[in-house]
Amino acid sequence: MRYIRYNTPTRRSLPAAAFGRGVCNGLESEIDRLFNAAASGSQSPHSGSRFPVDVYQDKNNLYVRAELPGFGRDDINVEVVDGNLTLEATRKSDSEKAPLAAKFNRSVTLPDDVKTDGVTAAYVDGVLPVTLPKLEEVKPRKVSVAVG
Amino acid sequence: MNLIHSLIPSLNRNLVVNEGHHDKDLGPTVQPNYEIKETDEAFNLSVNLPGVTKQDLAITAEAESLRIVGKRSWNRPKDWTVSHRETSDAIYLLELEHDNRVKTDNINAKLSDGVLRLSLPKAEAIKPRRIEIS
């Protein structure tokens, strides 16, 4: 058995002319391009199962805003179960072979001071804002006990 | 983490916000998700623009490129505090080059539920042509 030791040519082992700076620059920009493509909008609008969700609050309400472009109102399901707000959206495709094209699902754990009833949601321009009213602040009850 | 950043210089930069566009007034922009489907007659482009209304959308078609700028019309009320953010406030900007392959005077655009659907009719020169055999 022959043992061949092979050194991968590097910039140091080769003369500068053979492995010039231009090659590296080209590769670098190509890698940049690949990473940028992966990070931005090259994926199709109908792929993926996550969608961005924002959570805001003020004194009276907790607001959850989800970006869910391109759904019908009937395809969006908002539920509050066990202190979690679940947003679910399904998209049916045109072809009969695969009627369910996409299913999106997110769930947000709600803080304790949020009421589970009186939750309202709308769907405007592809954004789903959900308003969850907070419990009125429970004032500590002062009980005076007469010591007899 | 520093090692990863030194290996992949692109990660060190801000990936989402792109300020390399021509229009400096626009501020930070983000490229929206889009999809192009090609038929014999046209290119059908759909762009996800959640939170953009008709009034805040500008589509400019030039001889060789198409430019879509969409501003989010919703602003956070002042007394709302942020608990968690995943979206950005950056303006949507999509610039596509089509090299005269599209009839720019015949573009059809429709915006519904945060999705912009554009039908870009193909220029005659690139349409498939049936050649009769004499």
Side-chain angles (χ1 to χ4, degrees), chain A residues 24-25 27-48 50-76 89 91 94 106 108-111 114 122-129 131-132, chain B residues 4 7-18 20 29-37 45-57 68 70-74 76-90 92-96 110-117:
Chain A
C24 280
N25 283 350
L27 181 66
E28 204 169 76
S29 64
E30 178 70 5
I31 291 170
D32 276 17
R33 195 186 59 77
L34 287 172
F35 272 91
N36 285 332
S40 64
S42 57
Q43 79 247 52
S44 105
H46 307 302
S47 69
R50 271 174 72 95
F51 50 89
V53 169
D54 289 352
V55 181
Y56 305 98
Q57 50 187 316
D58 67 2
K59 264 192 294 183
N60 306 318
N61 297 306
L62 184 85
Y63 306 94
V64 177
R65 282 175 64 89
E67 287 189 350
L68 270 168
F71 287 94
R73 275 151 195 75
D74 301 338
D75 302 332
I76 298 174
R91 183 182 280 126
D94 304 331
R106 277 303 290 272
V108 177
T109 307
L110 298 171
V114 165
Y123 186 60
V124 193
D125 298 321
V127 178
L128 177 78
T131 307
L132 305 114
Chain B
I4 293 171
L7 286 173
I8 309 159
S10 176
L11 281 182
N12 226 347
R13 294 166 213 155
N14 199 338
L15 284 171
V16 181
V17 176
N18 160 36
T29 60
V30 60
Q31 191 185 42
N33 283 351
Y34 68 96
E35 187 179 58
I36 300 172
K37 278 185 181 151
L45 167 69
S46 54
V47 190
N48 278 358
L49 297 168
V52 175
T53 57
K54 242 200 227 170
Q55 290 77 28
D56 298 313
L57 183 65
I68 297 164
K71 286 178 191 152
R72 289 172 169 88
S73 31
W74 186 79
R76 177 165 60 94
K78 270 183 193 147
D79 54 338
W80 289 23
T81 51
V82 178
S83 302
H84 180 72
R85 245 356 257 275
E86 284 172 8
T87 64
S88 86
D89 291 324
Y92 293 109
L93 173 72
L94 181 64
E95 283 178 319
L96 298 171
K110 220 174 92 184
L111 179 71
S112 66
D113 292 333
V115 179
L116 173 71
R117 289 186 179 85

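Numbered from 1 within each chain, the chains take letters A, B, ... in sequence-line order.
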Quiz prompt | Salt bridge flag under 4.0 Å for residues R117(B) and E35(B) | solution = no
Quiz item: Is it the side chain or the backbone of L111(B) that comes within 4.5 Å of chain A heavy atoms, both, or neither?
Solution: neither
Quiz item: Is the centre of the W74(B) ring less than 6.0 Å from the centre of the Y63(A) ring?
Solution: no
Quiz item: Between Q57(A) and S83(B), do the side chains contain an N or O donor and an N or O acceptor separated by less than 3.5 Å?
Solution: yes
Quiz item: With respect to chain A, which residue among H84(B), R76(B), K54(B) yields the maximal number of heavy-atom pairs within a distance under 4.5 Å?
Solution: H84(B)
Self-check item: Leading residue by heavy atom contact count with chain B [cutoff under 4.5 Å; candidates V127(A), N61(A), L62(A), V53(A)]
Solution: V53(A)
Practice problem: Let me know if V52(B) has heavy atoms under 4.5 Å from chain A in its side chain, its backbone, both or neither. | Solution: backbone
Exercise. Would you kindly check if the NZ (Lys) or CZ (Arg) of R72(B) is within the cone defined by 45 degrees around the ring axis of Y92(B) and under 6.0 Å from the six-membered ring centre?
Key: yes
